[in-house]
Amino acid sequence: MKTVMERYEPKKIERKWQKYWEKNGTYRQYSRKQGFYVLDMFPYPSGAGLHVGHPRGYIATDVTARYKQLSGYGVLHPMGWDAFGLPAEQYAIKNKVHPEIAVKKNVATFKKQLEKIGFTYDWEREINTTDPEYYKWTQWIFLEMWKRGLAYESNEPINWCPSCKTGLANEDLEQGKCERCGTVVEKRPLRQWVLRMTKYADRLLKDLDSKELEWSESIKEQQRNWIGRSEGVEVVFPIVGTEEALRVFTTRVDTIFGCTYVVVAPEHTLIADRKSQIANYKEVEKYIKKAAAKSDLERTELAKEKFGVKLEGIEAVNPFNGEKVPVYVADYVLGSYGTGAVMAVPAHDERDFEFAKKYDLPIRNVIEPIGMTGTVSDTFDGAISSAHSKFDSIITSERCFTLDGTVRNSGEFSDLKSSEARVKMTAWLQKEKLGKKKVNYKMRDWTFSRQRYWGEPIPLVHCEKCGVVPVPEKDLPVLLPKVKSYEPTDTGESPLASITKWVNTKCPQCKGKGKRETNTMPQWAGSSWYYLRYIDPKNKKALVDKKKEQKMMSVDLYVGGTEHATRHLLYARFWHKFLYDIKVVSGKEPFKKLVNQGLIVASDGRKMSKRWGNVVNPDDMVASFGADAFRTYEMFMGPFTQSIAWNTDGVVGTRRFLEKVWGLKSKIENRKSKIETGRDIESLLHQTLKKVTEDIEGFKFNTAVSSLMILVNAMEKEKKLKAESYKALLLLLSPFAPHIAEELWSQLGNKKSIFLAEWPKWDKKKIAEETVNIAVQVNGKVRAVLVVAAGSDEAAVKAQALADANVQMHIAGKTVRKVIYVPGRIFNIVVG
RNA sequence: GGGCAGAUGGUGGAAUUGGUAUACACGCCAGUCUUAGGAACUGGUUCCGCAAGGAGUGAGGGUUCGAGUCCCUCUCUGCCCACCA
């Protein structure tokens with residue numbers, strides 16, 4: 001006799017199955033023929049723990065991982081910790097614990113939180129960037145780069161955050177402020193290690209267009225903009241009365257006849273070199289000092305107003321017309337881009353235009369908008385204000401014309417189109433040896449050293465005799481010394497510099513006295529290659545065994561936030577290309593497909609943060625609703641790539657849904673009473689099979705869940721269910737709600753895990769329904785809905801439509817002019 | 001200033017890509033079981049209107065038998081970049 005059915009109690013089943021899966025290695029099906037590598041951007045284990053926003057991406061990869069395993073793949077889905085860097089160190093300083101201990105504690109918290117949600121993670125492959133066995137290889141990669149001249153020492157001024165007390169890379173800035181603490185960044189000359197990322201600029205750019213790279217257009221565009229390739233020419237402007245010349249970079253050589261002065265950046269060497277020739281050197285020097293004191297932010301904020309000083313006594317010659325033009329120094333020209341000098345064409349460049357107006361410099365127009373002499377062309381609509389209605393008026397107007405057009409007043413190049421003029425003028429320059437084609441990038445080399453404690457030591461030794469010497473591979477890793485005090489200093493020296501016992505060492509080459517490099521690597525070092533370590537996490541001889549896991553060499557699916565567009569994702573691509581060049585990896589790109597999840601914000605619309613007190617902890621969600629309801633809700637709440645506000649009330653809905661699935665068990669027919677399920681439920685089931693399969697593949701989890709809800713609602717209305725139908729439902733549900741699916745699966749008498757079963761396939765024939773609804777419209781408005789046999793012809797539908805009372809009412813007294821029939825959808829009667 | 005998204009009920013969002021707008025869910029309303037409650041069950045829920053009917057996807061125009069979807073103009077919101085010559 002059957003007892004009253006047990007209630008659905010997640011607490012009773014979730015922990016049980018999590019233990020079962022771990023014990024049985026359910027998700028370690030690596031021996032399967034085909035592999036699939038699905039990866040989450042690993043978290044930074046902060047002290048605050050996870051909030052409900054974090055797992056959104058992890059759940060999505062988990063759904064995909066489970067679906068792929070059910071589809072026959074051996075899935076690699078690992079997790080680890082990115083634990084070096086400032087946040088961990090600052091947390092440690094604030095809480096007066098050593099970072100190593102803080103990290104250990106935080107990792108434990110994160111892991112405990114993750115385990116409750118029921119992921120397929122293979123914890124045997126867990127990695128931690130602060131583990132010496134791990135950072136040994138981070139150091140190894142650095143040395144390989146150093147050996148090939150890709151890591152170099154520099155003393156150039158770099159971004160210095162006075163609050164974090166460390167140098168920063170360009171990528172670490174946000175509008176001239178430190179990305180971490182918001183402090184305005186200063187320029188500070190500092191000895192530092194730099195990675196020659198610009199050497200890879202072209203490849204980093206070009207490979208974005210590779211067909212194999214399935215990334216969102218917006219991330220690719222962000223990387224393109226960051227790399228900032230621009231093609232132009234370097235033009236030589238001889239300096240009057242000297243053998244020297246000023247080289248300027250321009251993308252608009254077609255405007256060069258409109259050049260009325262030249263501007264150099266305050267850092268430009270011309271100023272010091274020609275000191276004696278500059279009549280107003282004192283004034284110039286004062287200006288340069290003032291400019292140097294300005295932060296990048298100030299330079300940017302004052303962008304509207306441009307200041308500069310004329311270098312009295314210096315003139316440059318425009319190579320095209322031999323005209324002598326004055327030279328200015330102004331900080332609107334950047335020392336670090338191009339040649340640090342520009343030719344100013346105020347008529348056709350906004351910045352030059354503003355500067356020229358301020359200092360009353362001549363504005364000479366040499367580009368005429370196309371169509372000005374004839375009819376106004378559409379090409380420039382909007383670009384040409386009414387003030388520009390006549391060519392001549394442009395010169396004196398309030399605006400300059402910055403687009404391409406027809407070249408005028410430019411000697412032999414007059415009357416050419418801008419694009420043609422650029423080609424011919426460049427050719428002329430090359431012939432006269434007064435210039436050459438040049439490509440410039442906005443992206444800079446990667447400032448790679450930090451003056452902080454909690455990072456990978458840079459494995460180099462400074463020796464008085466031998467210079468910079470690498471630590472031999474057999475001596476790696478260079479361990480980060482355990483110290484009590486690791487607070488940063490103001491001096492630009494790493495706190496490691498004061499640990500003399502560690503600093504003083506033997507030169508690996510001459511065995512004489514040597515000093516260790518005391519700078520550490522930036523936070524982004526460890527994450528630039530971590531995806532490779534998961535493939536072969538225990539390997540002590542090599543970073544990764546290429547032969548062993550060739551099939552996993554690059555990540556098939558990578559999921560994470562968009563905030564990494566120009567840092568982690570750029571750095572990892574750079575390192576991967578380098579590792580490809582030295583034949584450590586076999587592919588050119590690390591991440592084939594990239595999907596960016598939308599941010600989950602708090603219900604008040606703000607980011608979840610301790611500061612606002614709006615953090616929702618996933619532990620609480622699991623405790624009140626169960627992991628399955630929580631997981632399903634995160635997938636159901638909205639489109640995956642879109643940002644969305646958290647709403648705890650919504651979890652109730654997915655919990656109710658799971659209760660219904662649980663309840664359906666009682667409807668399963670037993671062997672004795674073979675009640676046929678209707679055709680309706682069968683076609684709906686197959687429609688759902690198709691929908692859920694396609695939606696998981698397309699990352700449309702919200703509609704996958706809703707289609708499951710529709711199926712379950714329909715099943716509830718049935719008196720009996722075929723066991724086969726119910727099994728199919730459980731399989732479809734299992735990626736989203738693995739615990740309940742596994743529990744019900746085993747209650748059906750299955751001995752093996754549901755995740756070792758096979759994903760059901762839909763049958764095209766069974767999807768088709770016997771009858772279809774046809775909307776009958778009169779002049780585009782729906783007046784009736786007919787139920788007709790599938791595949792009815794137009795005549796049959798027309799007869800039925802015209803017989804409908806409501807339709808008759810709307811066409812009464814009018815002439816039917818036309819009918820449109822879309823089979824299976826619509827029948828439109830046009831009357832007039 | 002530039003680039004990329006986006007705007008649909010009270011709320012989150014669907015819409016076979018030009019074919020019945022508002023699926024699914026939350027919330028709300030009414031009822032049922034219950035001493036009570038709801039994270040239970042049943043029904044209802046775009047707006048105006050008693051109804052017939054009409055209006056309706058940020059605003060305005062266009063193409064079409066038919067537009068949330070395509071084209072033009074505009075408004076607003078979010079994210080990213082920003083003196084890069």
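Residue numbers start from 1 in every chain, and the chains themselves are labelled A, B, ... in the order their sequence lines are given, proteins ahead of strands.
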G54(B) and G58(B), which share atom name C1', separated by this distance in whole Å
22 Å
Which heavy atom of Phe625(A) sits nearest to which heavy atom of Thr648(A), and what is that distance?
CE1-CG2, 4.0 Å
Once you apply the 3.5 Å cut-off to both distances, tell me the Watson-Crick or G-U wobble partner of C41(B), or none.
G31(B)
Write down the distance separating the P atoms in G56(B) and U69(B), rounded off to the nearest Å.
14 Å
Roughly, in whole Å, what's the span from CG in Leu599(A) to C1' in C80(B)?
14 Å
Among G19(B), A15(B), G53(B), which nucleotide has an atom closest to any side-chain atom of Met809(A)?
G53(B)
Rounded to whole angstrom units, what separation is found between the NZ atom of Lys607(A) and the P atom of G78(B)?
15 Å
When rounded to the nearest Å, what value does the distance between C1' atoms of C76(B) and A39(B) take?
39 Å
How far, in whole Å, is G2(B) from U11(B) if one measures between their C1' atoms?
35 Å
Here's a test of your reading of the structure: between Ile826(A) and Pro639(A), which maps to the more 5' nucleotide of RNA chain B?
Pro639(A)
Think Asn225(A) has a side-chain N or O under 4.0 angstrom from the OP1 or OP2 of G2(B)?
no
Is Arg444(A) touching bases, backbone alone, or none of the nucleic acid, heavy atoms closer than 4.0 Å?
base
Heavy atoms under 4.0 Å, any strand shown: does Asn828(A) hit a base, just sugar-phosphate, or nothing?
base
Testing G53(B), G54(B), C24(B) for proximity to the side chain of Arg783(A), the answer is G54(B)
For the aromatic rings, using the six-membered ring if either is Trp, is the centroid distance between Tyr261(A) and Tyr359(A) under 6.0 Å?
no
Output yes when Glu354(A) and Lys357(A) qualify as a salt bridge under the 4.0 Å nitrogen-oxygen rule, no when they do not.
no
Looking across every strand, which nucleic acid part, if any, lies under 4.0 Å from Ser230(A) by heavy atom: base, sugar-phosphate, or nothing?
sugar-phosphate
Under 4.0 Å between a side-chain N/O of Tyr337(A) and OP1 or OP2 of A85(B), yes or no?
yes
Under 4.0 Å, heavy atoms only, any strand: does Gln642(A) hit a base, just the sugar-phosphate, or nothing?
sugar-phosphate
Quote, to the nearest angstrom, the C1' distance that separates G68(B) from G19(B).
13 Å
To the side chain of Thr251(A), which of G12(B), C65(B), A85(B) is closest?
A85(B)
Looking only at atom C1', what distance separates C81(B) and A21(B), rounded to whole Å?
37 Å
In whole Å, I'd like the distance from the OH atom of Tyr633(A) to the C1' atom of G13(B).
10 Å
If you compare every side-chain N and O of Arg656(A) against the phosphate oxygens of G27(B) (OP1, OP2), does one of them come in below 4.0 Å?
yes
Asn773(A) side chain, from C-beta outward: closest of A85(B), A23(B), U20(B)
U20(B)
Return the 5'-most residue of the pair Val652(A), Arg229(A) with respect to RNA chain B, ranking by each residue's nearest nucleotide.
Val652(A)
With ring pair (Phe, Tyr, Trp, His ring centres under 6.0 Å) as the criterion, how do Phe355(A) and Tyr328(A) come out once you've worked through the C-alpha distance, each side chain's angles and the decisive distance to 0.1 Å?
CA-CA 10 Å; Phe355(A) 191 80; Tyr328(A) 280 77; 5.5 Å; yes
With both distances under 3.5 angstrom, what nucleotide forms a Watson-Crick or G-U wobble pair with C83(B)?
none
Select base, sugar-phosphate, or nothing to describe what Asn713(A) touches, counting heavy atoms under 4.0 Å on all strands.
sugar-phosphate
Counting side-chain heavy atoms from CB outward, which of A85(B), C24(B), C81(B) is closest to Asp349(A)?
A85(B)
Asn596(A) CG to Ile219(A) CD1 distance, which is reported to the nearest 0.5 Å
4.0 Å
Nearest-neighbour nucleotide for the Gln777(A) side chain, C83(B), G13(B), A21(B) considered
A21(B)
Syn/anti state of U77(B) by chi, 90° boundary around 0:
anti
Would you indicate which nucleotide in G19(B), A15(B), A85(B) comes nearest to any side-chain atom of Phe249(A)?
A85(B)
On a heavy-atom basis, the closest approach of Asn779(A) and Asn828(A) is N-OD1, 3.6 Å
Is a donor-acceptor pair below 3.5 Å formed from side chain Arg825(A) to base U16(B), judging by atom type as modelled?
yes
Considering only the P atoms, how many Å lie between G60(B) and U8(B), rounded to the nearest integer?
16 Å
Atom-to-atom span, NZ of Lys781(A) to C1' of G19(B) - whole angstrom
15 Å
Whole-angstrom distance between U22(B) and G38(B), as gauged at atom P
31 Å
What is the ring orientation for Phe699(A) with Phe640(A), classed by angle as parallel under 30°, tilted 30 to 60°, or perpendicular over 60°?
tilted
Within the structure, does a side-chain N or O atom of Gln222(A) lie under 4.0 Å from either OP1 or OP2 of C4(B)?
no
U46(B) -> Watson-Crick or G-U wobble partner, both distances under 3.5 Å, gives A55(B)
Of the nucleotides A23(B), A55(B), A85(B), which has the atom closest to the Ile710(A) side chain?
A23(B)
Please classify the nucleic acid contact of Val782(A) as base, sugar-phosphate, or nothing, using heavy-atom distances under 4.0 Å.
sugar-phosphate
Is the glycosidic angle of G6(B) within 90° of 0, making it syn, or outside that range, making it anti?
anti
Check ion pair Asp404(A)-Arg252(A) (N to O, under 4.0 angstrom)
yes
Round to the nearest Å and state the distance from Lys818(A) atom NZ to G66(B) atom P.
9 Å
Provide the Watson-Crick or G-U wobble partner of U77(B), both distances under 3.5 Å; none if there is no partner.
A5(B)
Any-strand Watson-Crick or G-U partner of U63(B), both distances under 3.5 Å:
none
Please give the nucleotide sitting opposite C24(B) as a Watson-Crick or G-U wobble pair, both distances under 3.5 Å, or none.
G12(B)
Using the side-chain heavy atoms of Ile820(A), tell me which of these nucleotides is nearest: G19(B), C83(B), A14(B).
G19(B)
Minimum-distance nucleotide (side-chain atoms of Ile644(A) versus A85(B), G12(B), G19(B)):
G12(B)
N-O pairing of Arg180(A) and Asp172(A) below 4.0 Å:
no
